[in-house]
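For reference, positions follow the sequence shown, starting with 1. Only a predicted model underlies this, so the values are computations on that prediction, with no experimental measurement involved. Counting starts at 1 for both ligands and their atoms, in listed order.
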Amino acid sequence: MCGIIGYTGPRACKGLILDGLERLEYRGYDSAGIVLLEDGALVRDRTVGKVADLRRLVGDNGSPATLGMGHTRWATHGGVFDRNAHPFLSNDGRIAVLMNGIVENYVDLRAEVVAGGHTLSSDTDTEALVHLLADAYEGDLVEAVRKVYPRLDGHFAFLALARDEPDRIVAARLAWPPLVVGKGDGEMYIASFLPAFLEQTRQVQHVEEGEIVDLRPDGARFWPIAGGPARERAVEEADATIEVAEKGGYETFMLKEIHEQPRAIADTIGERYRDGELHLDGIGLSDAELAEIDRVLIVGCGTALHAGLVGRYLIEEWAGVATEADVASEWRYRKAVFDPRTLVLAISQSGETADTLAAVQLARERGARVVAITNVMGSAVTRVADGVLYTRAGLEISVGSSKCFTAQIALMTLFALRLAQLRWRLEPARIAEIGRELERLPELVQRLLDDAAMHAKVEQLAREFSTHRFFLFLGRHIGLPICQEGALKLKELSYIPTDAYAAGEMKHGPIALLTDETPVVAVATDSHVYEKIVSNLQEVKARGAAVIAVVTEGNTNIHEHAQHVIEVPRTLPELEPILAVIPLQLLAYHIARELGLDIDKPRNLAKTVTVE
Ligand code: F6R
């Protein structure tokens, strides 16, 4: 979950590395560091804090260095202290290393390097690696990495420099932490994620799992760690542009991404629904195999799981297939029951989440078919699943997910419809009706986002409630995962404790939390459970708590039950969640804004969670 970038070429690279780190910062932002080869010495600077703090520390001194690398950290091994920030230097100053990921056998390796006479100055796993490399180094960094790599267990991507090889970066990757190479004009980049160098070059080469990469200014060579000749690697033109990594006039990435939802949904549906026909290319199962599925297990984490929970209702309701959705980190330790007709759907925006990947691997080992839903081309989950359905939301930078959530739901909707169609569970006319509404969705989302009254209402609520100490979210049926998502968004952006409950379950415990100081946010859009949720709101009102209700437009009766009402456009009840979540995203956003918090980079979080 850390961000890493390296450069070798003819240009002074300090600024390039710092700019790249800024674009990677969403991956982790506890501390940041840089190492540059200056006048024959590896000069390292690092600090607790954000890349802006590192920039202040290293200043604008116009370093002549043309070889260097940088790191932005999300702490795993060792607290957030300067001494644990990357890069690490060997005691003799000849080797520098930085890493994204984890070396699991670090305790033994640390003991070994101490026994070998090295002094450790940090609490990290990475520091052991730099000393092992220093011991193995005999003038050729690739050879040193080759010797040390097999000794490391875990999952990681690391970059290494040697003081005496002034134009070379050597990188290695084990398991899922990603690495991508950028090929410029007589210069090379390597980073955890493309936007780090997208402003400089769009020519990319992907690093495979289990490879060592040798970068010099004129190109990269890719070696399998197991030995054998260097591998050819095509240079591809990245289809992303730098604009996707810019805020485009919005004050934050989060706000930009909330406003990108109409496009994200439209592109995700795209050509997949045409005139009553559904095309889920890439799914990896034939129509006959899909029709045979009699059980679906959905796994994911956080927001991705919430999208899966929405999908559960749709699959059961439309396709009549028994469906379960569970947290990947729990599911993988359950003795889940499979048979060959079970399909596992793994949802992960990044495609890198360690728990989701582990669940997928386990499911495959036990013989289940796995379809991944992800937003990142070629990400780790795409390599381990039988098939892949991409959300086409574009790069999501803000740590709090928004557009990927609604795109995931749009994709789950298509999947549920396709299953229903193949199993003859819905009449063609009904499929066509849902399809038409799906096609209208981007327009409805746009209408909601253009609704000045909705924005004014949400901003007013944010002012009124930002100092409240707890929020309860209540929903029923498909509105429940939307409440769970609204509650997650609010707690992660504003640090205000929240809980999300099935409204009918409230009286079995959480009702004890209600006072006239407890705002209750309810999703009460039109559906077969609308009357039920209204009864629950009566119970809330009787305890003096203020109700903020998200309802379908034209609902005049809700004002009797809720002090604050936000309307969303009318569509089919099954599709309404995509609309209902938008005011909840904005409510979380504006409360965090009222509180003066860093919305794109909330405390302690990271965009990609590559540790268990
Ligand atoms: C919350 C959020 C997280 C992610 C979760 C899974 O806003 O973004 O809860 O949804 O960490 O990440 P992915 O989807 O990349 O597997």
Margin query: Give me the nearest non-hydrogen protein atom to atom 2 (C) of ligand 1 as residue plus atom name, then the distance to 0.1 Å.
Written below: Thr303 OG1, 3.6 Å

Check: Side chains of Thr252 and Tyr589: donor-acceptor distance under 3.5 Å anywhere?
Finding: yes

Check: Among all protein non-hydrogen atoms, which one is nearest to atom 11 (O) of ligand 1, and what is the separation to 0.1 Å?
Finding: Val609 CG2, 4.0 Å

Notebook entry, point to check: Should the pair His259 and His455 be assigned to parallel (<30°), tilted (30 to 60°) or perpendicular (>60°) ring geometry?
Noted result: parallel

Next item on the list: Could you tell me whether Glu324 and Arg334 make a salt bridge, using a distance below 4.0 angstrom between a side-chain N and a carboxylate O?
Entry: yes

Margin query: Is the distance between the ring centroids of His86 and Phe158 under 6.0 Å?
Written below: no

Check: Where do Lys50 and Asp30 land on the salt bridge (Lys or Arg N to Asp or Glu O under 4.0 Å) test, with the steps shown first?
Finding: CA-CA 6 Å; Lys50 301 205 166 146; Asp30 293 338; over 6 Å; no

Notebook entry, point to check: Any idea which atoms of ligand 1 are less than 4.0 Å away from a heavy-atom of Ala304?
Noted result: 10 (O), 14 (O)

Check: Quick one: does ligand 1 sit under 4.0 Å from the side chain of Glu492, the backbone, both or neither, non-hydrogen atoms only?
Finding: side chain

Check: Distance from Phe415 atom CZ to Ile409 atom CD1, nearest 0.5 Å?
Finding: 15.5 Å

Notebook entry, point to check: Is any N or O atom of Ser348, backbone or side chain, closer than 3.5 Å to an N or O atom of ligand 1?
Noted result: yes

Margin query: For atom 15 (O) of ligand 1, what is the closest protein heavy atom, and at what distance to 0.1 Å?
Written below: Ser350 OG, 2.6 Å

Next item on the list: Considering the heavy atoms of Gly400, write down every atom of ligand 1 situated less than 4.0 Å from one of them.
Entry: 7 (O)

Margin query: With no hydrogens and no angle check, just 3.5 Å: does a side-chain donor-acceptor pair link Thr406 and Gln261?
Written below: yes

Item checked: Within-shell test, Lys489 vs ligand 1, heavy atom, strictly < 4.0 Å -> yes

Item checked: Nearest neighbour in protein (non-hydrogen) for atom 12 (O) of ligand 1 -> Thr353 OG1, 3.5 Å

Check: Are Leu305 and ligand 1 in contact, using a heavy-atom cut-off of under 4.0 Å?
Finding: no

Next item on the list: Can you sort out which atoms of ligand 1 are near Gln349, meaning under 4.0 Å from one of its heavy atoms?
Entry: 13 (P), 14 (O), 15 (O), 16 (O)

Check: Does Leu480 offer a backbone N or O that forms a donor-acceptor pair with the side chain of Arg476 under 3.5 Å?
Finding: no

Checklist line | Residues Ser401 and Glu396: side-chain donor-acceptor under 3.5 angstrom | finding: yes

Next item on the list: Report, in ascending order of atom number, the atoms of ligand 1 lying under 4.0 Å from any heavy atom of Val399.
Entry: 7 (O), 8 (O)

Notebook entry, point to check: Where is the nearest protein heavy atom to atom 5 (C) of ligand 1: which residue, which atom, and how far?
Noted result: Cys301 O, 3.5 Å

